[in-house]
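Note that this is a predicted model, so its numbers are computed, not measured. Here is the naming used below: chain letters follow the sequence lines, and residue numbers restart at 1 for every chain.
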Amino acid sequence: MRISVDQSKCVSSGQCVLRAPEVFDQQDEDGVVFLLDNAPPDSLLPKVRLAEQVCPASVIRVVE
Amino acid sequence: MVDGIDGRESAAPVYPMARLNRCPFDPPPELYRMQAEGPASRVRLWDGSIVWLITRYEEQRALASDERISSDSARPGYPHVSEGIKARRLSAPTLLTMDNPDHDALRRMITADFTVKRVESLRPAIQSIVDGLIDSIIVDGSDFDLVSRFALPVPSNVICVFLGAPLEDQGFFQERTRSLIDRASTPAETARASIDLRGYARELLDTKRRMPTGDLTSRLSALVQQERLSEIDAVEIVLSLIVGGHETTANMIALGTLALLQHPEQLAQFRAGTEPQEIAGAAEELLRYLNIPHIGRRRVALADIRLDESVIQAGSGVIFANDIANRDPRAFEHPDDLDISRHAEHHLAFGFGIHQCIGQPLARVELQVAYETLFRRLPGLRLVSSIDEVEFKTDMINYGVWSLSLSWDRGLT
């Protein structure tokens with residue numbers, strides 16, 4: 001699985017960090033998302049898919 | 001005007017509708033009927049205007065993310081809540097009523113304070129506020145009003161700490177907030193409350209300019225000094241965080257407690273849960289099930305938008321009814337059951353799209369700490385009288401209970 005995020009549209013809700021903290025984190029200065037791992041193991045797929053779904057600004061893309 | 005000529009407009013029911021007295025946790029029956037018929041229905045508002053009500057989950061998510069939909073309350077066709085709330089909305093632009101790019105630029109001025117990490121670092125302070133309030137309930141005896149002794153002071157104290165405001169100011173802003181969220185408030189009443197709260201916010205910003213204390217208000221003051229933020233925007237941000245930061249969570253604490261007490265098997269499961277993930281999951285399900293904002297999220301269409309067999313025309317008011325969308329069987333199995341072990345994280349209680357509640361990480365931690373501590377430290381917690389005697393906040397823009405008389409087993413502590 002490969003993940004990408006569009007930081008320019010992130011609204012810093014933090015929902016991705018709550019759902020998949022192994023993969024997503026937030027910049028201290030503005031809460032904008034950044035990736036800890038852009039190709040995480042498939043075992044994390046359900047968590048990553050949930051993060052993608054709950055992102056209010058729809059900035060997370062997951063390609064399996 | 002496809003809809004204007006087929007008679008559907010004259011038959012449009014008035015929104016919002018009343019709930020059934022015997023189902024205080026469920027949305028009004030009319031909303032279930034509408035959702036079964038299709039994703040969008042025509043409803044009539046207080047001022048006679050006819051607008052689109054979006055009742056299904058998927059369509060609500062899609063439209064809340066659609067750039068052809070605006071939150072700008074100054075645009076013609078915007079579906080205002082009441083005359084008094086319309087006057088307040090038109091008196092100053094806020095994050096809630098801004099479109100992009102203005103919205104994201106302003107929101108990013110304050111999002112550093114709402115990161116998951118930053119809010120988690122406040123958990124011990126929130127726990128100590130919650131424990132202090134429970135201590136005083138324990139000292140005073142076994143009967144108490146949950147709202148005035150716990151549900152309202154918890155988030156009021158937390159927002160004071162968060163903003164660096166004096167704790168003794170809560171009575172002042174609780175009273176003004178109450179007037180801002182009442183659909184029966186006149187424009188004069190909402191104006192007076194807004195003026196008072198703006199004056200308060202301006203004074204707090206001024207105090208923090210002279211004596212910064214490392215909180216959000218101090219940072220906003222510094223941004224104004226550096227001319228990176230206008231004073232008007234800073235004042236509106238502080239005002240919105242005060243208004244949105246205590247009463248919503250207070251209602252969620254009280255109504256969530258009542259919902260658990262009314263579902264003994266769920267309460268038993270909640271008490272048995274020991275993992276933080278179980279407590280967090282229960283809070284998410286209560287958010288989905290209860291929906292404190294119960295008059296829908298308000299928008300206006302900027303272009304014609306095709307939806308199913310209808311066209312939402314440019315200039316039409318659009319309302320996302322989050323309460324019924326969170327009961328959509330297409331998104332949640334057995335949606336009318338409270339089930340704290342289900343996965344409810346994709347609920348729409350905080351809204352969806354760029355305007356999703358900025359305070360949600362803080363609200364989540366407050367709810368987790370409040371529910372867990374309340375049921376752990378007050379064994380045998382129960383309603384003093386029957387639920388029929390509980391008064392619900394039916395006319396407020398935020399749903400909840402006015403008071404909740406509870407009792408617990410003193411001998412067991």
Pairs of donor and acceptor atoms under 3.5 Å between chain B and chain A, please, with atom names and distances.
from: B:Arg61; atom 1: NH1; to: A:Gln53; atom 2: O; distance (Å): 2.7
from: B:Arg61; atom 1: NH2; to: A:Gln53; atom 2: O; distance (Å): 3.1
from: B:Arg107; atom 1: NE; to: A:Val11; atom 2: O; distance (Å): 3.0
from: B:Arg107; atom 1: NH2; to: A:Val11; atom 2: O; distance (Å): 3.4
from: B:Arg108; atom 1: NH2; to: A:Gln7; atom 2: O; distance (Å): 2.7
from: B:Arg108; atom 1: NH2; to: A:Ser8; atom 2: O; distance (Å): 3.3
from: B:Arg108; atom 1: NH2; to: A:Cys10; atom 2: O; distance (Å): 3.0
from: B:Thr111; atom 1: OG1; to: A:Asp30; atom 2: O; distance (Å): 2.6
from: B:Val116; atom 1: N; to: A:Gln26; atom 2: OE1; distance (Å): 2.9
from: B:Gly353; atom 1: N; to: A:Pro56; atom 2: O; distance (Å): 3.1
from: B:Gln356; atom 1: OE1; to: A:Gln15; atom 2: NE2; distance (Å): 3.2
from: B:Gln360; atom 1: OE1; to: A:Gln15; atom 2: NE2; distance (Å): 3.2
from: B:Arg364; atom 1: NH2; to: A:Gln15; atom 2: OE1; distance (Å): 3.3

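- Contact annotation for B:Ile354: both backbone and side-chain heavy atoms come within less than 4.5 Å of a heavy atom of chain A.
- Between the side chain of B:Ser221 and the backbone N or O of B:Leu205, at least one donor-acceptor pair lies under 3.5 Å.
- Here CG of B:Asn398 is found 8.0 Å from CD1 of B:Ile295. Values are rounded to the nearest 0.5 Å.
- Atom CE of B:Met98 is separated from atom OG of B:Ser73 by 10.0 Å, given to the nearest 0.5 angstrom.
- Distance alone, capped at 3.5 Å, is enough to place a donor-acceptor pair between the B:Thr373 side chain and the B:Val369 backbone.
- Atom CG of B:Leu63 and atom CD1 of B:Ile69 lie 5.0 Å apart (nearest 0.5 Å).
- When heavy atoms are compared at a cutoff of 4.5 Å, A:Cys10 approaches chain B by way of both its backbone and its side chain.
- Side-chain atoms of B:Arg56 do not come within 3.5 Å of backbone N or O of B:Ala40 as any donor-acceptor pair.
- Between B:Leu220 and B:Val238 there is a side-chain heavy-atom pair separated by less than 4.5 Å.
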